[in-house]
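Proteins come first, then strands; the chains are lettered A, B, ... in the order of their sequence lines, and each starts at number 1.
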There are 2 protein chains.
Amino acid sequence: MNIQFKKGVLEICVLSVLAHKDCYGYELVGEISKRIDISEGTIYPLLHRLKDEGYVTTYLQESAGGPSRKYYRLTEAGRNEEHEQKEEWMRFAASVNALLEGKNDAAD
Amino acid sequence: MNIQFKKGVLEICVLSVLAHKDCYGYELVGEISKRIDISEGTIYPLLHRLKDEGYVTTYLQESAGGPSRKYYRLTEAGRNEEHEQKEEWMRFAASVNALLEGKNDAAD
DNA sequence: ACACAGTATCTTGCAGTGCAAGGTACTAAC
DNA sequence: GTTAGTACCTTGCACTGCAAGATACTGTGT
C-alpha cells in the first residue's frame, strides 16, 4: 500500500475508532489493520501527540495474560476534532475523486 | 486544508490530469488548484520525479506573452501507472470511509 | 529451571514529500 | 523603467509513517 496515502489519515482513523470505544494502543493497531496496514511504531508516537494536544486522556487497566494496558479515551476537544477532521476528509476525498474523473468545472 | 492529506495524492492527480491532455507546469497548478490547494514549489519537483521515473516526456513550445512552456506528456508507463494508482486510491479511500463509518467487519 | 511465543508498551533514526521563500527571465502595459 | 503577469526552477524545513530494536509480563512446553 502506498505509504504516502496514509499521511495525516491515520490520525482521523484513530480518532474515529476512539469515538466508538476506548482502546489501548495494541488493540488500535489490530482494529485499523483490518482496513489499512499499520505498524506499532506509528501508533504510539501518534497517540502521544494526541495526548499532548489534549484530544485524549489515558488510564491504566490490568490485563489477564500480559502487561497492563493503557487505554485511550477521547476528550470533548477530541470529539470536536474528530468531527472536523472527518468532514475535512470527506471534502478532500470528493475533490480528489472529481479530479480523477476529469471534471473540469470546480462547481460540483 | 490538511497538508498531510495531500501526500502521495498529488502525484496521481497530476498523472490523471495529464491522462486527459498535455500540460505545462504552470497550467497544472491552475487545473489542480481548482480542487486542491497546491503551490509551484510542489509541482516542479514532482514533475521532475515523474520524468526521472519515465512516466512523462517533455517538449518545449513557444508562448505568446511570456517564456516558452515546457509541456508534459504521459508515456505508456505513465498511463499504466495512472491506472494502477487510481485503483489503489479508490481502494484506499473506500477503506478509510469504512473505518470512519465504524464498520468493524473487514469483509465489505 | 529454561526457552519461547504472545501480549503490550515505548524510542531512535531514516525516508519521502509538500511548501514557503526565493531566484531567474520573458512580455506587455503604464 | 517600473510594475504585473507568465513561466520556470532550487533550497531547506517540517511533518509523519516505519523498520528496527528495547523492555517486560504471562503462559506453555520440555
Colleague: Would B:Asn2 and A:Trp89 count as a side-chain hydrogen bond (donor to acceptor under 3.5 Å, both in side chains) if you check the C-alpha gap in whole Å, the side-chain angles of each, and the deciding distance to 0.1 Å?
Modeller: CA-CA 9 Å; B:Asn2 186 332; A:Trp89 161 257; over 6 Å; no
Colleague: Is there a side-chain contact between A:His48 and the phosphate of C:dT11, meaning an N or O under 4.0 Å from OP1 or OP2?
Modeller: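 For A:His48, the contact criterion (side-chain N or O under 4.0 Å from OP1 or OP2 of C:dT11) is met.
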Colleague: Tell me which of A:Ser63 and A:Arg49 sits closer to the 5' end of DNA chain D, going by the nucleotide each one is nearest to.
Modeller: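 Of the two residues, A:Arg49 wins.
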Colleague: Heavy-atom count check: over 12 atoms from other residues, nucleotides or ligands less than 6.0 Å from B:His83 NE2?
Modeller: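 Not more than 12 within 6.0 Å, no.
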Colleague: Check the distance between D:dA14's C1' and A:Gln4's CD and give it to me in whole angstrom.
Modeller: 14 Å
Colleague: Under 4.0 Å from OP1 or OP2 of D:dC9: is there any side-chain N or O of B:Tyr44 that close?
Modeller: no
Colleague: If you measure from the Lys or Arg side-chain nitrogens to the Asp or Glu carboxylate oxygens, is any gap between A:Lys21 and A:Glu27 under 4.0 Å?
Modeller: yes
Colleague: Is a donor-acceptor pair below 3.5 Å formed from side chain B:Glu40 to base C:dC19, judging by atom type as modelled?
Modeller: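 Absent.
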Colleague: What nucleotide among D:dG17, D:dA7, C:dA20 has an atom nearest to a side-chain atom of A:Ile3?
Modeller: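 Of the candidates, D:dG17 comes closest.
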Colleague: Within this structure, what is the CG-to-P distance between B:Leu28 and D:dT6, rounded to whole angstrom?
Modeller: 16 Å
Colleague: How would you label the contact of A:Gly25 with the nucleic acid (heavy atoms, under 4.0 Å): base, sugar-phosphate, or nothing?
Modeller: sugar-phosphate
Colleague: Measure CG/A:Leu47 against P/D:dG17 and give the value in whole Å, please.
Modeller: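 Taking atom P of D:dG17 as the reference, CG of A:Leu47 is at 11 Å.
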Colleague: Rounded to the nearest Å, what distance is computed from the CD1 atom of residue A:Ile12 to the P atom of nucleotide D:dT16?
Modeller: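 Distance check: A:Ile12 CD1 to D:dT16 P gives 14 Å.
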Colleague: Reckon B:Asp37 touches a base, only the sugar-phosphate, or nothing at all at heavy-atom distances under 4.0 Å?
Modeller: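 Sugar-phosphate, backbone atoms only, no base.
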Colleague: With a 4.0 Å cutoff (strictly under), does any side-chain N or O of A:Ser68 reach OP1 or OP2 of C:dA8?
Modeller: no
Colleague: Nearest-Å distance, CG (B:Leu60) to P (D:dC8)?
Modeller: 9 Å
Colleague: Is there a side-chain contact between B:Tyr59 and B:Lys70 (heavy atoms, below 4.5 Å)?
Modeller: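 They are not in side-chain contact.
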Colleague: D:dC8 C1' sits how many Å from B:Leu46 CG, rounded?
Modeller: 15 Å
Colleague: For A:Met1 and D:dG17, what is the distance between atoms CE and C1' respectively, to the nearest whole Å?
Modeller: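 Answer to the nearest Å: 13 Å.
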Colleague: Going through the checks in order, is the side-chain hydrogen bond (donor to acceptor under 3.5 Å, both in side chains) test met by B:Lys51 and B:Thr57?
Modeller: CA-CA 6 Å; B:Lys51 193 176 181 185; B:Thr57 55; over 6 Å; no
Colleague: Just compare C:dC19, D:dC18, C:dC10 and give me whichever is closest to any side-chain atom of B:Thr42.
Modeller: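 For the B:Thr42 side chain, the nearest candidate turns out to be C:dC19.
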Colleague: Please pick, from C:dC10, D:dA7, C:dG16, the nucleotide with the shortest atom-to-atom distance to any side-chain atom of A:Lys7.
Modeller: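 Among the listed nucleotides, the one closest to the side chain of A:Lys7 is C:dG16.
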Colleague: Report the nucleotide, chosen from C:dT9, C:dA20, D:dG17, that has the shortest atom-to-atom distance to any side-chain atom of A:Tyr26.
Modeller: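 That would be C:dT9.
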Colleague: With the side chain of A:Pro45 defined as its heavy atoms from C-beta on, choose the nearest nucleotide among C:dC19, D:dA7, C:dT11.
Modeller: C:dT11
Colleague: Considering just the side-chain nitrogens and oxygens of A:Arg69, establish if one lies under 4.0 Å of OP1 or OP2 belonging to C:dT7.
Modeller: no
Colleague: From CD of B:Glu62 over to C1' of D:dA7, roughly how many Å is that when rounded to an integer?
Modeller: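 Computing the B:Glu62:CD to D:dA7:C1' distance gives 14 Å.
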Colleague: Given D:dA24, C:dA25, D:dC8, which nucleotide is nearest the side-chain atoms of B:Pro67?
Modeller: C:dA25
Colleague: Mapping A:Ile38 and B:Gly66 to their closest nucleotides on DNA chain D, which lands nearer the 5' end?
Modeller: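 The answer here is B:Gly66.
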Colleague: Which heavy-atom pair separates B:Phe92 from A:Val9 by the least distance, and what is that distance?
Modeller: CZ-CG1, 4.1 Å
